[in-house]
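What follows is a set of notes on a single structure, which appears directly below.
Here the structure is a predicted model, which means the values were calculated and not measured. Residues take their numbers from the sequence shown, with the count starting at 1.
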Amino acid sequence: MATDAILDFYDALDFEIIDFDGYDTLFVELLDDGTYATVSDDDGHMPDTLDTPIVFNVYDDTDSFQWSVSLNDSHQLQALLEEHTSTEDFLNALQMIRTENIKTINNFARE
């Protein structure tokens, strides 16, 4: 189970804890069309600390995985949420980070 600090941190970001495939999962509804997101560590579990690298996972209204982006930690997610006032801008910022992450991986693979 996550610590109170993690639960309080994500509660302040409007996330809730749900049971997702038998695991406690950080969940937030993103759009009125039913699009939602979960936050996990690299293993698909709730992060152990706020400094743990996280994965922001986006699903559509039929629970189909759409895309994900890796972030340095929960604080980076908080900063992005504070910086972008609309959900669309927030998701666009995440997509830009995702694109940069993919470029970095591709460049690393070429070396």
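- Using a 30° and 60° split on the angle between ring planes, Tyr36 and Tyr59 fall in the parallel class, below 30°.
- Side-chain atoms of Arg98 come within 3.5 Å of backbone N or O of Ser68 as a donor-acceptor pair.
- Checked by atom type and distance alone, the side chain of Asp11 never pairs as donor or acceptor with a backbone atom of Leu7 at under 3.5 Å.
- Contact record, Asp14 with Val28: O-CG2, 3.6 Å, taken as the closest heavy-atom pair.
- The same ILVMFWY cluster, assembled from side-chain heavy atoms under 4.5 Å apart, contains both Leu13 and Ile97.
- Phe20 and Leu77 sit in two unconnected hydrophobic clusters of ILVMFWY residues. Membership requires side-chain heavy atoms under 4.5 Å apart, directly or through other members.
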| Residues Leu71, Leu94; criterion side-chain contact (heavy atoms from CB on, under 4.5 Å); working and verdict | CA-CA 9 Å; Leu71 300 173; Leu94 289 174; 4.1 Å; yes
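- Atom CG of Asp8 is surrounded by more than 12 heavy atoms from other residues, nucleotides or ligands within 6.0 Å.
- Taking each heavy atom of Leu91 and Leu30 in turn, the nearest pair found is CD2-CD1, 4.0 Å.
- A distance of 7.0 Å separates OH of Tyr10 from CG of Leu50, quoted to the nearest 0.5 Å.
- For the residue pair Asp89 / Ser86, a side-chain donor-acceptor distance below 3.5 Å is found, with atom types taken as modelled.
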| Step by step, would you call Asp51 with His75 a side-chain contact (heavy atoms from CB on, under 4.5 Å)? | CA-CA 7 Å; Asp51 298 322; His75 302 288; 3.5 Å; yes
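- Between the side chain of Ser64 and the backbone N or O of Asp60 there is no donor-acceptor pair closer than 3.5 Å.
- The salt bridge (Lys or Arg N to Asp or Glu O under 4.0 Å) search around Glu100 returns Lys103, not counting sequence neighbours.
- Looking only at distances, a side-chain donor or acceptor of Gln76 sits under 3.5 Å from a matching main-chain atom of Asn72.
- Considering only residues two or more places apart in sequence or on other chains, Thr38 meets the side-chain hydrogen bond (donor to acceptor under 3.5 Å, both in side chains) condition with Asn57.
- Residues Phe90 and Phe15 share a single hydrophobic cluster, defined by chaining ILVMFWY side chains whose heavy atoms lie under 4.5 Å apart.
- When all heavy atoms are compared, the tightest approach of Pro47 to Thr52 is CB-CB, 4.2 Å.
- In the displayed structure, Gln95 atom CD is contacted under 6.0 Å by more than 12 heavy atoms of other residues, nucleotides or ligands.
- The hydrophobic cluster containing Leu80 also contains Leu31, counting ILVMFWY residues as joined when their side-chain heavy atoms lie under 4.5 angstrom apart, directly or transitively.
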| request: Show your working on side-chain contact (heavy atoms from CB on, under 4.5 Å) between Met46 and Val39 and close with a plain yes or no. | output: CA-CA 7 Å; Met46 195 172 305; Val39 169; over 6 Å; no
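- For the pair Thr87/Thr35, no side-chain contact is recorded, criterion being any heavy-atom separation below 4.5 Å from C-beta on.
- Atom-to-atom distance recorded for Asp24:CG and Ser40:OG is 13.0 Å, nearest 0.5 angstrom.
- Thr25 places a side-chain N or O within donor-acceptor distance of the main-chain N or O of Tyr23, the cut-off being under 3.5 Å.
- Ring-plane geometry between Phe56 and Trp67 is classed as tilted, the angle between the planes lying from 30 to 60 degrees on a 0 to 90 degree scale.
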| request: Please lay out, stage by stage, how Val55 and Asp42 fare under the test side-chain contact (heavy atoms from CB on, under 4.5 Å). | output: CA-CA 6 Å; Val55 181; Asp42 289 339; 3.6 Å; yes
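- If you chain together hydrophobic residues whose side chains sit under 4.5 Å apart, Val69 and Phe65 never meet in one group.
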